[in-house]
Amino acid sequence: MTNIFIESGDPRKNNPRAVNTNEYIFIKTIVELCTRRKDKVDYSIVYVGGKDNLQSVSPKFFDHKSDDEKNLVIFDADMPETGGGFEKRKKELIAALNNMNVQYELFLFPNNKDDGTFEHLLEKLINSQHNCILKCFECYEKCLEKYTESDGSFSYQTPDQKAKMYAYISSFKRSNAQNQQVKNKGLWDFENKEYWELDSKELEPLKNFLIKNI
């Protein structure tokens, strides 16, 4: 089968109630969206748990039934301020994968050319009708930044991009059971047009990558 390696770790290791991450569900949604008019595609999504854990899943890179099946590695490019960035992360991952002596195709979020993460791509896909949620979140961030220590450092940790996207999807009215699915099962209703615009041009690089390789 074609194996798709994603950067997030298996959530079940730390949370028995968890099922999958939102990244896992997102990739599954886009794969199925891209292959609906084809015969059934045999693929598996593999949790890696970060670029430094690639070696631990190396046997999966050889788990194939035919030469047509591929290894697709889909990770974050990350940001220079967090030690990453597209060019740097691409170079690091290519070196690590080549050192493992495996065949692969590589894609880096958000669009395989810019710095960023999976969550930066998600921000580009939100339904513009709900931009007000992000504006409110940005006001919250700016408010926190007003509080500083005597040395000029911030008193509080500014929420990261993951928190921003969780704030977006968790702002919609749901039952308690549905909220648990969002939190523990990664079910962010990616096919729901009320929340996400999966026909956005921002998603075309990932779609084209998957269509080409699956």
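FYI, side chains are in, hydrogens and waters are out, and symmetry mates aren't considered; it's all heavy atoms of this structure.
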message: Is it the case that the side chain of Glu7 and the backbone of Asp76 share a donor-acceptor pair, with hydrogens and angles ignored and the cut-off at 3.5 Å?
response: yes

- request: Check the pair Leu106 / Leu93 against side-chain contact (heavy atoms from CB on, under 4.5 Å), numbers first and verdict last.
  value: CA-CA 9 Å; Leu106 178 64; Leu93 286 168; 4.1 Å; yes

task: Please work out which of the three classes, parallel, tilted or perpendicular, describes the rings of Phe190 and Trp196, given edges at 30° and 60°.
output: tilted

- request: Report yes or no: do Val102 and Ile214 belong to one cluster of Ile/Leu/Val/Met/Phe/Trp/Tyr joined by side chain heavy-atom distances under 4.5 Å?
  value: no

query: Is the Phe137 to Tyr168 ring centre distance short of 6.0 Å?
result: no

query: Looking only at side chains, do Glu204 and Asn208 share a donor and an acceptor under 3.5 Å apart?
result: no

- prompt: Are Leu108 and Ile45 grouped together when hydrophobic residues (ILVMFWY) are joined by side-chain heavy atoms under 4.5 angstrom apart?
  reply: no

message: Using the rule given for side-chain contact (heavy atoms from CB on, under 4.5 Å), can you reason through Thr35 versus Tyr43, listing the C-alpha separation, both sets of side-chain angles and the distance that settles it, and then say yes or no?
response: CA-CA 11 Å; Thr35 59; Tyr43 73 96; 5.9 Å; no

Verdict with reasoning, Ile27 to Ile4, per side-chain contact (heavy atoms from CB on, under 4.5 Å): CA-CA 9 Å; Ile27 292 294; Ile4 303 174; 4.1 Å; yes

message: One pair to check against side-chain hydrogen bond (donor to acceptor under 3.5 Å, both in side chains): Gln161 and Thr117. What are the steps and the verdict?
response: CA-CA 8 Å; Gln161 188 70 14; Thr117 63; 5.9 Å; no

message: If I compare all heavy atoms of Thr21 with all of Gly9, which pair ends up nearest, and what's the gap?
response: CG2-O, 3.8 Å

- request: Output yes when a side-chain donor or acceptor of Gln180 lies under 3.5 Å from a complementary backbone atom of Ala177, and no otherwise.
  value: no

Pair Lys113 + Glu202: basic N to acidic O under 4.0 Å: no

query: Do you know which two heavy atoms are closest between Asp63 and Asn3, and how far apart they sit?
result: O-ND2, 3.6 Å

task: Salt-bridge test for Lys28 and Glu32: reply yes if a basic N is under 4.0 Å from a carboxylate O, no otherwise.
output: yes

query: Is it true that a side-chain atom of His130 and a backbone atom of Asn127 form a donor plus acceptor pair closer than 3.5 Å?
result: no

message: Any carboxylate oxygen within less than 4.0 angstrom of a Lys/Arg side-chain nitrogen, looking at Lys164 and Glu123?
response: yes

message: Applying salt bridge (Lys or Arg N to Asp or Glu O under 4.0 Å) to Arg12 and Asp10, what does each step give before you reach the verdict?
response: CA-CA 6 Å; Arg12 292 163 292 191; Asp10 191 335; 2.8 Å; yes

field: Aromatic plane relationship, Phe172 with Tyr195 - under 30° parallel, 30 to 60° tilted, over 60° perpendicular
entry: tilted

task: For Asn71 and Gln103, indicate whether the former's side chain and the latter's backbone hold a donor-acceptor pair under 3.5 Å.
output: yes

message: Does either side chain, that of Glu23 or that of Ser8, offer a donor lying less than 3.5 Å from an acceptor on the other one?
response: yes

task: Answer yes or no: is there a donor N or O on one side and an acceptor on the other, between the side chain of Asn192 and the main chain of Glu194, under 3.5 Å?
output: yes

message: Could you check whether any side-chain N or O of Asn179 sits under 3.5 Å from a backbone N or O of Val182, counting only pairs where one atom can act as donor and the other as acceptor?
response: no

- prompt: Would you say the side chains of Asn98 and Tyr104 form a donor-acceptor pair under 3.5 Å?
  reply: yes

task: Test Leu97 against Phe61 for side-chain contact (heavy atoms from CB on, under 4.5 Å), laying out the working first.
output: CA-CA 10 Å; Leu97 290 162; Phe61 280 87; 3.8 Å; yes

statement: All heavy atoms of Ala77 vs all of Phe86, minimum pair found to be CB-CA, 3.7 Å

Shortest non-hydrogen separation from Ser44 to Met1 and the atoms involved: CB-SD, 3.1 Å

- prompt: Passes ring pair (Phe, Tyr, Trp, His ring centres under 6.0 Å), Phe109 versus Phe75? Steps please.
  reply: CA-CA 6 Å; Phe109 286 124; Phe75 273 35; 9.4 Å; no

task: Could you tell me whether a side-chain N or O of Lys207 sits under 3.5 Å from a main-chain N or O of Leu198, the two making a donor and an acceptor?
output: yes

Donor-acceptor pair, side chain of Ser171 and main chain of Ala167, under 3.5 angstrom: yes

- line: In short, Gly83 meets Lys88 closest at the heavy-atom pair O-NZ, 3.0 Å

Heavy-atom closest contact (Phe118 atom, Phe26 atom, distance): CE1-CD2, 3.3 Å

message: Salt bridge or not between Glu92 and Arg89? Use side-chain N to carboxylate O under 4.0 Å.
response: yes

